[in-house]
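Predicted model, so just to flag it, every value in this text is computed and none were measured. Whatever order the structure lists them in is the order used to number ligands and atoms, beginning at 1.
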Amino acid sequence: MGEVDAAFIQDIEHRPQLLVVEAEGIPVIDLSVLNSFQEGDDPRGLAGLVAEIGGACKDWGFFQVINHGVPSDLRLQVETVSKRFFALSLDEKRRVRRDEANSLGYYDTEHTKNVRDWKEVFDFMLEDPAVIPASHEPDDNRLNQLRNQWPEYLPQLRGACEGYGRGIEKLAFKLLELISLSLGLPAKRLNGFFKDQTSFIRLNHYPPCPSPHLALGVGRHKDSGALTVLAQDDVGGLEVKRKADGQWVRVKPIPDSYIINVGDIIQVWSNELYESAEHRVRVNTERERFSIPFFFNPSHYVMVKPLEELLNEKNQLPKYNEYNWGKFFAKRKLSDFKKLAVENIQIYHFKKSD
Ligand SMILES: O=C(O)CCC(=O)C(=O)O
Ligand SMILES: [Fe+2]
């Protein structure tokens with residue numbers, strides 16, 4: 001990527017201010033009690049942790065976890081091989097390039113809200129093959145099998161990515177269960193939605209940028225899945241819009257921690273008890289940055305809607321009409337390729353009017 005092309009330039013109101021505000025308040029949650037907790041133990045032993053998670057989901061939609069139990073060598077291996085992959089020539093990376101038929105692999109022209117992101121990515125699904133609708137058209141019932149693309153000239157990439165995927169998936173399920181408990185539901189209430197999951201992992205590379213005041217690594221957005229588990233390196237650049245005052249605040253890198261954020265699906269399931277927070281990534285002139293989000297997504301056939309038992313318990317009306325996750329996902333993917341004239345699909349399109 002050379003000088004900043006017009007496609008990268010954010011509208012004035014979305015450009016980052018020079019000032020960086022370090023977030024004091026983003027909760028850091030210690031998961032070490034889980035290490036001694038056995039399947040079948042009384043979940044009341046986790047009450048303190050569950051309350052912390054619930055508070056963080058409510059107040060921030062974002063938190064960091066330490067002592068999470070994901071072996072650090074899995075992370076180190078994938079981080080190392082990810083750097084090697086992005087250091088390859090563009091020609092080599094483009095041999096596993098994603099296209100409209102297969103949305104997995106390498107890609108360097110992603111747009112967020114119709115502005116190009118200053119980054120390159122490599123995507124792979126946790127389930128291989130994974131099944132998603134062939135198109136976003138409501139009447140089209142055809143399904144597609146998505147298959148990962150692995151570069152044969154960097155054979156270590158596959159093993160490192162698959163190993164990391166299995167490790168991070170375990171953490172994602174633990175967090176899902178804690179979130180379920182925090183909503184007053186049985187621990188495994190949400191697990192069934194992930195039977196044929198459409199979760200994917202993205203290797204992100206943000207090269208140094210000559211104009212970090214004009215462009216963003218990822219433009220402001222909310223994650224559309226259930227939960228995101230993110231590994232960031234020590235460079236920093238991820239910013240969250242603080243719910244309390246709308247200020248963009250930076251998520252401070254903590255070695256060997258993971259950043260967790262509530263996605264739109266949990267917002268809908270919880271009928272807005274928890275909300276997904278807007279976030280973005282700033283770039284800088286000096287240092288490249290690497291990050292690895294795991295997007296924990298349900299099966300394509302899941303109909304997303306507020307959970308009945310929460311509505312009954314709180315005597316509430318649902319704030320959303322139900323929508324099909326697979327169609328939503330397919331529609332989102334479409335806009336990654338094309339600069340659309342209109343805003344891409346969002347959950348507020350399914351919001352019921354008051
Ligand atoms: O790189 C990061 O820190 C976050 C990336 C992100 O928000 C995303 O890919 O959805
Ligand atoms: Fe995100």
Does the side chain of E92 come under 3.5 Å of the side chain of S89 through a donor N or O and an acceptor N or O? yes

Using the ring of W248 (Phe, Tyr or Trp, six-membered ring only), decide whether R280 places NZ or CZ under 6.0 Å from its centre and within 45 degrees of its axis. yes

Less than 6.0 angstrom from the centroid, inside 45 degrees of the normal: does R98 satisfy that with respect to the ring of Y107? yes

Under a 4.0 Å N-O cut-off, is there an ion pair linking D5 with R116? no

Does E272 come within less than 4.0 Å of K351, counting only side-chain N to carboxylate O? yes

Sorted by chain and residue number, the residues having a heavy atom closer than 4.0 Å to an atom of ligand 1 are N204, Y206, H221, D223, L230, L238, H279, V281, R289, S291, P293, F295

Protein N/O/S atoms closer than 2.8 Å to the Fe ion (ligand 2): H221 NE2, D223 OD1, H279 NE2

Show every donor-acceptor pair shorter than 3.5 Å between a side-chain atom in residues 130-139 and any protein atom, with sequence neighbours excluded, or say none if there are none.
from: S135; atom 1: OG; to: E137; atom 2: N; distance (Å): 3.1
from: S135; atom 1: OG; to: D140; atom 2: OD2; distance (Å): 2.8

Give me the one residue out of Y320, Y323, W325 that meets ring-ring contact (aromatic ring centres under 6.0 Å, His included) with F350. Y323

Sort and list the pairs that fulfil ring pair (Phe, Tyr, Trp, His ring centres under 6.0 Å) and have at least one residue in residues 218-244, not counting sequence neighbours. H221-H279

Carboxylate-amine/guanidinium contact D234 R287, below 4.0 Å: yes

